[in-house]
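Okay, structure first, notes after.
These numbers come from a predicted model, not from an experiment. Letters A, B, ... are given to chains in the order of the sequence lines, protein chains preceding strands, and every chain is numbered from 1.
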Amino acid sequence: VCDASRLSQEERALVLRETAQASVIVLTMVYQDGTAQLNAEQKSCPPVSGVLVLLKSELDAMESEGCSAGLPGSEGSGCKVIFLKLEQRPAWAQQGYRQDRFSKEMLLCILGSAQDVICFKAKDLLCTALQYFGKEISWKQVALCRILDPQIAAWLLDPADTASCFWDLVAKRCKTRAAVKPCAGAREFEQQPNVSGSLLVLYRLMMDLRASLQEQGLWKLFCSVELRLTTVLAVMEIHRIHVDKDALEKTSKILGMKLKQLEQEAHQAAGQQFLVSSSSQLRVVLFEKLRLHERCENKKLPKTVLRQQQSTSEATLMQLQDLHPLPKIILEYRQVHKIKSAYVDGILSCMISPFYNPKWGNTSSAVTGPITSKKPNIQAIPRQSIQIIKKQYVQGKEPEVITIHPRSMFISEEGWTFLAADFSQVELRLLAHLSSDPELLRVFQEPLAAGDVFISLASQWKGLPEGKLKPEDREQAKRIVYSVVYGAGKERLSEILGLTAEQAGQFVDSFLQKYKQVRAFTQKTIQQCQDQGCVVSIMGRRRHLPHILSPDWTLRNQAERQAVNFVVQGSAADLCKMAMIRIFSHIASSPTLTARLIAQIHDELLFEVEDSQVEEFAGVVQTTMESLQHIDCFGVHLKVPLRVMLSSGKSWGSLAELARPRSLPHRL
DNA sequence: GATACGACGCTACG
DNA sequence: CGTAGCGTCG
């Protein structure tokens, strides 16, 4: 290993030339405690010390299978390992300036080009690099880089096999064991501090994974979707979102007061003290003390899944709320408590000054394919506001009503605006496409693009004119549709709808009666899964479901639902990922556009856009997203058009719909 | 006697 | 169906 800081000016120039010409570059980050990204997974990420770079000028000399010359270390021909120190030094510290510059030059040379680069957990490296560069380079300069990441490759091969660490992956996926260990086990090798040897193992691993991906026809998906997405996510993660901390703290206090008040009311209603947030204590009060279940034997009360205990879930409490004041109080308590703990205090605890950065992941345990957000989960922040009635004990004052909306705590920077682009009913449109149900297709193909799909669906299904429908009909239609899409059974639907299982079953039946091809699609999907052992999304991503042939009825049924669910949700995830990539590339190649992607909430993309560019960018986003109806390189040709809803505003909580000139109905 | 951790329950989002 | 995350309890 050669330390870049000890190189002379000439040697550095040589290294840069070699880097530009290298056929393969293998990277890993090294932390200050001496561990690397390749070591057993660390929960807390220590500060980064530098990056280890392996330059390989020859395309693998050891292709003669199983040759004992494949020892790490003896394989060094055409290899060079360089250590780049990445020191986060204060701006005023001038010493080491040249080394710092060289590190940056090297990194940019590696990340700015389109060579074969390999790194385990590439997103972390990209984030670190981008932070290291700071404002010296634009993220656009690394927008094209595609780092081959074995973790993502393995996930694509089998999404169910949950995030294994590097050495587990090697043990599982490396066919050429000779490269890993001469005689000892992989585990033993791991103990050695031979990080540069590990880089060669990383290289072998990636080559083997590449072969597997190519065999299974997943290579294109890997390169042009998952890898490109890594860059998108890294850039998104670097961007800080502005949060109104004062408002959050104020809200926290108000919610705290409200919780105390509700707690007292609950105790009063129950006639005893108990821990309101404890479901087991509530169960005792509700069913042993008050014996509410005895008063509603006509209704079936849900039970907890694992034990045959009485559930205290929302569905139960809804049924009981007419019998006693307590259930209603608990429902409100839970709602307020959830908002306070998860979305107010939760966000406060992950904030760094007035900003915060959520973590984004497109791998690990996401079996269905969608990307996920963590710390906090920005995707689960309530869509609608809640009303809090603050009781005033001062005489003569009206009770004060306060509206609380966690999304409005997210505010755009001065001079910038949030732009949200929502794929309207992607999943339903996909269901129409996948099932080719003529009735369902008609809903989307007719020139009623401006109308509400669920209303027309409800009217079509109930045989009533749209004007005669009530809002609850629309809600019901929506819920039934999605329960079919998600593969939920009638029991689950009855809980959601607050009806009996029979009624819910009837709704599902009549839906499937109307849209006959949907049932055919479900059966076709299950059949295909049984034949091939896996189901495939619209862009070719797979999920293996071994239980589809299980003799166990429960397991098999679950696998059947998962199969249908995956095809629809997985395909929706594919489209959203493509949308992110396409828009990202568009911005990157534009000299003027500065818009940044901030968050992805399943089928909604949230951007922060300079005020002056909102209109132009909105057009780009809409065109790009709607053009995904046809993705030629993946053979995607949807039978239904895609529709995008655009809205903008200064806070995420108060977005107003944007006029969309192009999509106005062409009728009178 | 304090405390760490996994199992379980609940519920936001889609 | 499947993400994350908060809470209780043994």
Q | Contact residues, residues 334-341 of chain A to DNA chain C [heavy atom, < 4.0 Å] | A | His337(A), Lys338(A), Ser341(A)

Q | Ring geometry between Trp652(A) and Phe410(A) (parallel below 30°, tilted from 30 to 60°, perpendicular above 60°) | A | perpendicular

Q: Output the single nucleotide from dT8(C), dG5(C), dC13(B) whose closest atom is nearest the side chain of Lys374(A).
A: dG5(C)

Q: Convert the base pairs of DNA chain B into dot-bracket notation, remembering that pairs crossing earlier ones are written with [ ] and that bases paired across to another strand are shown as |; include only Watson-Crick or G-U pairs under 3.5 Å.
A: ....||||||||||

Q. Which nucleotide in the set dG2(C), dC10(B), dT11(B) lies at the smallest distance from any side-chain heavy atom of Gln558(A)?
A. dG2(C)

Q. Thr372(A) has a side chain; which of dG2(C), dA12(B), dT3(C) sits nearest to it?
A. dT3(C)

Q | Donor-acceptor pair under 3.5 Å, Gln569(A) side chain vs dG14(B) base | A | yes

Contacts under 3.5 angstrom, residues 532-542 of chain A side chains, donor-acceptor by atom type, not counting sequence neighbours:
{"residue": "Ser537(A)", "atom": "OG", "partner": "Met539(A)", "partner atom": "N", "Å": "3.4"}
{"residue": "Ser537(A)", "atom": "OG", "partner": "Arg541(A)", "partner atom": "N", "Å": "3.1"}
{"residue": "Ser537(A)", "atom": "OG", "partner": "Asp574(A)", "partner atom": "OD2", "Å": "2.5"}
{"residue": "Arg541(A)", "atom": "NH1", "partner": "Asp574(A)", "partner atom": "OD1", "Å": "2.3"}
{"residue": "Arg541(A)", "atom": "NH2", "partner": "Thr368(A)", "partner atom": "O", "Å": "2.8"}
{"residue": "Arg541(A)", "atom": "NH2", "partner": "Gly570(A)", "partner atom": "O", "Å": "3.4"}
{"residue": "Arg542(A)", "atom": "NH1", "partner": "Gln216(A)", "partner atom": "O", "Å": "3.3"}
{"residue": "Arg542(A)", "atom": "NH1", "partner": "Gln216(A)", "partner atom": "OE1", "Å": "3.3"}
{"residue": "Arg542(A)", "atom": "NH2", "partner": "Gln216(A)", "partner atom": "O", "Å": "2.9"}

Q. Does Ser311(A) put a side-chain nitrogen or oxygen below 4.0 Å from OP1 or OP2 of dC10(B)?
A. yes

Q.
Are Leu597(A) and Leu606(A) packed together at the side-chain level, in the sense that at least one heavy-atom pair is separated by less than 4.5 angstrom?
A. no

Q: Measure from the side-chain heavy atoms of Ala342(A) and tell me the nearest of dA12(B), dA4(C), dC6(C).
A: dC6(C)

Q: Go through the structure and list residues passing ring-ring contact (aromatic ring centres under 6.0 Å, His included) with Tyr515(A), not counting sequence neighbours.
A: Phe511(A)

(Q) Of the listed nucleotides (dC10(B), dG2(C), dC9(C)), which one gets closest to any side-chain atom of Asn565(A)? (A) dG2(C)

(Q) For dC9(C) and Ser278(A) - does any side-chain N or O of the residue sit under 4.0 Å from the phosphate oxygens OP1/OP2? (A) yes

(Q) Using the salt bridge (Lys or Arg N to Asp or Glu O under 4.0 Å) criterion, which residues pair with Asp149(A)? Sequence neighbours excluded. (A) none

Q.
Side chains of Arg561(A) and Gln558(A), heavy atoms from C-beta outward: is any pair under 4.5 Å?
A. yes

Q: With heavy atoms under 4.0 Å as the rule, sort Ile601(A) into base, sugar-phosphate or nothing.
A: nothing

Q. Would Arg334(A) and Leu317(A) satisfy side chain to side chain contact (heavy atoms under 4.5 Å, CB included), going step by step from the backbone distance to the final call?
A. CA-CA 11 Å; Arg334(A) 287 208 182 139; Leu317(A) 266 36; 3.7 Å; yes

Q) Is the number of heavy atoms from other residues, nucleotides or ligands under 6.0 Å of His547(A) NE2 greater than 12? A) no

Q: Could you list the residues that satisfy salt bridge (Lys or Arg N to Asp or Glu O under 4.0 Å) with Glu237(A), not counting sequence neighbours?
A: Lys123(A), Lys359(A)

